[in-house]
Amino acid sequence: MPGTLYLIPNTLGPTDAAPGALNALLPTQVQALTSKLDYFVAENAKTARAFLKLIAIDHPLAKPLQEIEIAELNVNTPPTALAQLLAPLQAGRDAGLVSEAGVPAVADPGADLVRLAHQHGIAVRPLVGPSSLLLAVMASGLNGQSFAFNGYLPLDAAQRTKRIVDLEKRSRAERQTQLLIETPYRNGAMLEALAGACQPGTLICVATDLSLPTESVRTMTAARWKAALAVNNGPDFHKKPTVFLFLGQ
């Protein structure tokens, strides 16, 4: 009988290595289940080990950390390697899929493994934990009934502006909140592009370091963001994980 593929949320940033520190982010049942697994597929093995060290503070691991198997699945993993990652589950072994941050398989290469698991009749169980995208929608004040995640926009400035304008037209026509992310050191350029390309009344939300002590969420019109940036009153988000949202008015 095949094993079960558990989709295990990770924290969204640095977490205190103290007893009970994870309880505000992950249910104790999720932590306990994670501690019983000895095979993980992770975007980054080093990050996964750090996460398991946090789990082990309150829930002893099934094996010593150095004996727990962690296979990597990231953007460099060829599609032909997925079958090998799934082989232990087909042999009856349970496994945990862990992302670099937040929930796996959302804006994450783990989705390919989940799809293959379904194709082979392997049970997939998503576990409860923090999702920066949903937290951002919740806190933004924008439309939470219809929203779309667009990932990264083009690096080329002209192409990026065109993409923003196209998404804004769709947002206005469908009353749909648009979400996107950017490499943290380019957050400033992204906000400037949004404030400059969007119509003055379009609402833009910047959600940074969600679930962390340095969390910040600000929603203003494009015109107000443009004015704030002109006097260097932008958000403190340089090199910090940030979700951008906007809704055309």
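Source: prediction; values computed, not measured.
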Tabulate below the donor-acceptor pairs under 3.5 Å that side-chain atoms of residues 55-63 make, not counting sequence neighbours, or state none.
from: Asp58; atom 1: OD1; to: Gly20; atom 2: N; distance (Å): 3.4
from: Asp58; atom 1: OD2; to: Gly20; atom 2: N; distance (Å): 2.8
from: Lys63; atom 1: NZ; to: Asp38; atom 2: OD2; distance (Å): 3.2

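- Side-chain atoms of Ser140 do not come within 3.5 Å of backbone N or O of Cys205 as any donor-acceptor pair.
- Both Val106 and Tyr152 belong to a common hydrophobic cluster when Ile, Leu, Val, Met, Phe, Trp and Tyr are linked at side-chain heavy-atom distances under 4.5 angstrom.
- Between the side chain of Asp16 and the backbone N or O of Ala18, no donor-acceptor pair lies under 3.5 Å.
- Interatomic distance, Phe244 CZ to Thr208 OG1, rounded to the nearest 0.5 Å: 6.5 Å.
- The two residues Gly3 and Ile122 make their nearest non-hydrogen contact at O-CG2, 3.4 Å.
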Worked verdict on Val206 versus Val217 for side-chain contact (heavy atoms from CB on, under 4.5 Å): CA-CA 6 Å; Val206 179; Val217 182; over 6 Å; no
Steps toward side-chain contact (heavy atoms from CB on, under 4.5 Å) verdict (Val243, Phe149): CA-CA 10 Å; Val243 179; Phe149 174 56; over 6 Å; no
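- Tracing side-chain contacts under 4.5 Å through hydrophobic residues (I, L, V, M, F, W, Y), one never reaches Leu229 starting from Leu245; they form parts of separate clusters.
- In this model, no donor atom of one side chain and acceptor atom of the other lie less than 3.5 Å apart for Arg224 and Thr221.
- Hydrophobic cluster membership is shared by Leu203 and Ile181, with clusters built from Ile, Leu, Val, Met, Phe, Trp and Tyr side chains linked at under 4.5 angstrom.
- Looking at Arg172, its side chain does come within 3.5 Å of a backbone N or O of Gln249 through a donor-acceptor pair.
- Rounded to the nearest 0.5 Å, atoms CG (Leu25) and CD (Gln31) are 9.0 Å apart.
- How far SG of Cys198 is from CD1 of Ile164: 6.0 Å, rounded to the nearest 0.5 Å.
- If you check the side chains of Asp108 and Ser99, you find a donor sitting under 3.5 Å from an acceptor.
- A distance of 4.5 Å separates CG in Leu247 from OG1 in Thr177, rounded to the nearest 0.5 Å.
- Every residue meeting the side chain to side chain donor-acceptor pair (under 3.5 Å) condition with Gln90, not counting sequence neighbours, appears here in chain and number order: His120.
- Summarising the geometry of Ala136 relative to Ala207, their closest heavy-atom pair is CB-CB, 4.0 Å, with the distance given to 0.1 Å.
- A donor-acceptor pair under 3.5 Å links the side-chain atoms of Glu168 to the main chain of Gln199, judged by distance alone.
- Paired with Gln178 under the rule side chain to side chain donor-acceptor pair (under 3.5 Å), one option of Asn150, Asp166, Thr202 passes, and it is Asn150.
- For Gln119, the CD atom counts as densely surrounded, since its 6.0 Å shell holds more than 12 non-hydrogen atoms of other residues, nucleotides or ligands.
- Rounded to the nearest 0.5 angstrom, Leu113 CG and His118 NE2 are separated by 10.0 Å.
- Formation of a donor-acceptor pair under 3.5 Å by the Ser171 side chain with backbone atoms of Leu167 is not found in this model.
- Judged by distance alone, the side chain of Glu43 and the main-chain N or O of Leu73 form no donor-acceptor pair under 3.5 Å.
- Looking at heavy atoms from C-beta onward, Ile8 lies out of side-chain contact with Pro104 at the 4.5 angstrom threshold.
- Side-chain contact between Leu127 and Arg125 is present, with heavy atoms from C-beta onward closer than 4.5 Å.
- Between Gly144 and Val137 the shortest heavy-atom distance is CA-CG1, 3.8 Å.
- In plain terms, the two heavy atoms of Ala32 and Ser35 that are nearest each other are O-OG, 2.6 Å.
- With values rounded to the nearest 0.5 angstrom, Leu97 atom CG is found 5.5 Å from Leu7 atom CG.
- Taking a 6.0 Å sphere around NZ of Lys240, one finds it holds more than 12 heavy atoms contributed by other residues, nucleotides or ligands.
- Using a 4.5 Å heavy-atom threshold, the side chains of Thr34 and Tyr6 count as separate.
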Test side-chain contact (heavy atoms from CB on, under 4.5 Å) applied to Leu135 and Ser132, step by step: CA-CA 5 Å; Leu135 290 172; Ser132 61; 5.6 Å; no
Please table the atom pairs, donor to acceptor, closer than 3.5 Å between any side-chain atom in residues 64-71 and protein atoms at least two apart or in another chain.
from: Glu69; atom 1: OE1; to: Arg93; atom 2: NH1; distance (Å): 3.0
from: Glu69; atom 1: OE1; to: Arg93; atom 2: NH2; distance (Å): 3.4

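- Under the 3.5 Å distance criterion, the side-chain polar atoms of Trp225 are matched with a main-chain donor or acceptor of Ile204.
- Side-chain contact between Leu33 and Lys36 is absent, with no heavy-atom pair separated by less than 4.5 Å.
- No continuous path of ILVMFWY side-chain contacts below 4.5 Å connects Leu142 to Leu180, so the two sit in separate hydrophobic clusters.
- The shortest side-chain heavy-atom distance between Thr4 and Leu89 does not fall under the 4.5 Å cut-off.
- Between the side chains of Asn187 and Thr242, a donor-acceptor pair is found at a separation under 3.5 Å.
- Using a 4.5 Å heavy-atom cutoff, the side chains of Met190 and Arg160 are in contact.
- Side chains of Leu86 and Leu82 form no contact here, defined as non-hydrogen atoms less than 4.5 Å apart.
- Across every non-hydrogen atom of Thr161 and Ala197, the tightest pair is CG2-CB, 3.9 Å.
- Judged by distance alone, the side chains of Glu100 and Asn74 never bring a donor and an acceptor atom under 3.5 Å apart.
- Side-chain N or O atoms of Thr15 include one that pairs as donor or acceptor with a backbone N or O of Gly13 at under 3.5 Å.
- Within the 4.5 Å cutoff, the side chain of Leu212 has heavy atoms near those of the Pro14 side chain.
- At a threshold of 4.5 Å between side-chain heavy atoms, the hydrophobic network of Ile, Leu, Val, Met, Phe, Trp and Tyr places Leu37 and Val124 in two separate groups.
- In terms of heavy atoms, Pro235 sits closest to Leu191 at CD-CD2, 3.6 Å.
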Intermediate values then yes/no, side-chain contact (heavy atoms from CB on, under 4.5 Å), Leu179 and Phe246: CA-CA 7 Å; Leu179 290 79; Phe246 62 93; over 6 Å; no
